[in-house]
Number of protein chains: 2
Amino acid sequence: MRGDALAELAALLADRTRAEICLALLDGRAWTPGELAAHARVAPSTVSEHLNRLVAGGLLVRRTQGRHRYAQFASPGAAQLVEDLAAHADPAAERPSTLRAATAATALARGRTCYDHLAGRLGVGLADALIARGLLDDTAGFALTPAGTAWFAQELAFAPGPSRRPVARACLDWTERRSHLAGQAGAHLRTCFAERGWITGSGTGRAVRVTPQGRAALCDLLSATW
Amino acid sequence: MRGDALAELAALLADRTRAEICLALLDGRAWTPGELAAHARVAPSTVSEHLNRLVAGGLLVRRTQGRHRYAQFASPGAAQLVEDLAAHADPAAERPSTLRAATAATALARGRTCYDHLAGRLGVGLADALIARGLLDDTAGFALTPAGTAWFAQELAFAPGPSRRPVARACLDWTERRSHLAGQAGAHLRTCFAERGWITGSGTGRAVRVTPQGRAALCDLLSATW
DNA sequence: CGCACCCTTCGGCCGCGGCCGAAACGTCGT
DNA sequence: ACGACGTTTCGGCCGCGGCCGAAGGGTGCG
């Protein structure tokens, strides 16, 4: 293979600010340019240019939502690459990872929060189940069907608030590469499930675990199994 | 962790010439600056500076031998890092690797030639066995003991040639991170073993396999098992 | 012992690229 | 519709770093 390709890829991470950005993104969240600028202590315009390069290089993708343009990893492989490099660059930070991060990573992949809603395999699985039952329409983004609106109201006591925030919205999942449910309905799932004791935050991070009661309830409610 | 460390590591590979060097070194051989300069099409002085950076960064180590100063990877982990990056930079080149390179890599780690002598676990194991039997002295580099000289002459029909090349020399092994036997005696082991049918070159590369007869003979000769 | 060769260090040139501020664009909220 | 805000593009500055050629060691060979 040509060295140019390798050098080009490495150059993406060979800048302090871009490295800082990728390290921040390693938490799996999607960050806005403004957040990243504050985090890396540079001007927003600078971050914008860096994001352009990282996207062009295939490491990141952008998702535009209102006046925000979130950035996140393009693939688990890209994130993995950054993690490998970071581990080699700072072996000390790897130590606590060896066992803990491995389980933490699988826990995050299993289920986690994404801002205020549920993501990971749990989030994607929920969305799949809702679609399969005809409660969620995924033909153009995500939208609750009439049956879905009724179901949310009856089963989960959900009534859309007056906010302009969309009721249902598709949110691309980093680990699963598929969409999970965000928006008011997505946020309601999280709070409602937590109130009913169906899910618990496991550990300090954003990982989420389904309780035995939750497993039974969800199985009953959606014919879904976790 | 700080982004600086990650950026610094990535910067090592973020240059076309350095990337070319590392890619060349991926074959496990130790290259001279001159060879690398010809390979990368730059002046020797340029390569020299690049090697300085790569060594300072911990990716490479140098081994000086006569008027040559060979460069090779500092550790299997460093080589792995470059391979990971290269695979991500050029996924097409990865395809033939998936199965073949995996087995090839283990084959190389098991036994291979290093210029004209034996390396890998095979080479390191041979050196260990010779030391254990008091035939090879490793207190200051490698040197044949009187018993070793007699043993090489009797068992392997080895007589040192008139060349100025040292009879025994330690050669740092890339995969094993320990020394194997080079020099006239090391080269003789290889040719003699091959003549007797104890080893065969497996495949097109530099991988070497011990034949069943070789296994028995070596076990008999050195109480060593491969 | 001296020549030839390999490699390194040094000095200088040049271009790439990161940084910022100003200005343009689009979205949200009133 | 208008102002506020988040983001991007553009222009310009500056410094880092890759490149080479020349000069200076160290090693091997005759």
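Bear in mind that the values here come from a model prediction, so they are computed numbers and not experimental data. Quick note on labels: first sequence line is chain A, next is B, and so on, each numbered from 1.
- Each of A:R67 and A:A43 lies near DNA chain C, and the nucleotide nearest A:A43 is the one positioned closer to the 5' end.
- The rotation axes computed at either terminus of the helix from C:dC1-D:dG30 to C:dT30-D:dA1 lie 30° apart, taking five pairs at each end and rounding to 10 degrees.
- Spacing between atom CG of B:L36 and atom P of C:dT8 amounts to 10 Å, rounded to whole angstrom units.
- Separating the NE2 atom of B:H68 from the P atom of D:dG25 is a distance of 21 Å, rounded to the nearest angstrom.
- A donor-acceptor contact shorter than 3.5 Å links the side chain of B:T145 to the backbone of B:L135.
- Note that B:R169 lies outside the cation-pi zone of B:F142, set by a 6.0 Å cut-off to the ring centre and a 45° limit from the axis.
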* Which nucleotides of nucleotides 8-18 of chain D have their base under 4.0 Å from a protein heavy atom (B), which only their sugar-phosphate (S), and which neither (-), written as one string 5' to 3'? -> BBBB-----SS

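- Taking 4.0 Å as the cut-off between side-chain N and carboxylate O, A:R16 and A:E20 count as a salt-bridged pair.
- The separation between A:I21 atom CD1 and D:dT7 atom P is 12 Å, rounded to whole Å.
- Taking both residues in full, the closest heavy atoms of A:G134 and A:A147 are given as O-CB, 4.2 Å, listed atom of the first, atom of the second, then distance.
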* Could you walk me through whether A:W151 and A:L156 pass the side-chain contact (heavy atoms from CB on, under 4.5 Å) check? -> CA-CA 8 Å; A:W151 183 87; A:L156 304 177; 3.8 Å; yes

* Determine, step by step, whether A:T149 and A:F158 satisfy the side-chain contact (heavy atoms from CB on, under 4.5 Å) criterion, reporting the C-alpha distance in whole Å, the side-chain angles of both residues, the deciding distance to 0.1 Å, and the verdict. => CA-CA 8 Å; A:T149 306; A:F158 170 67; over 6 Å; no

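- A:L126 pairs with exactly one of A:I131, A:L181, A:L118 by the side-chain contact (heavy atoms from CB on, under 4.5 Å) rule, that one being A:L118.
- The aromatic rings of B:H117 and B:H180 lie tilted to each other, with the angle between the two planes from 30° to 60°.
- Computed from coordinates, the A:E35 CD to D:dC5 P distance equals 17 Å when rounded to whole Å.
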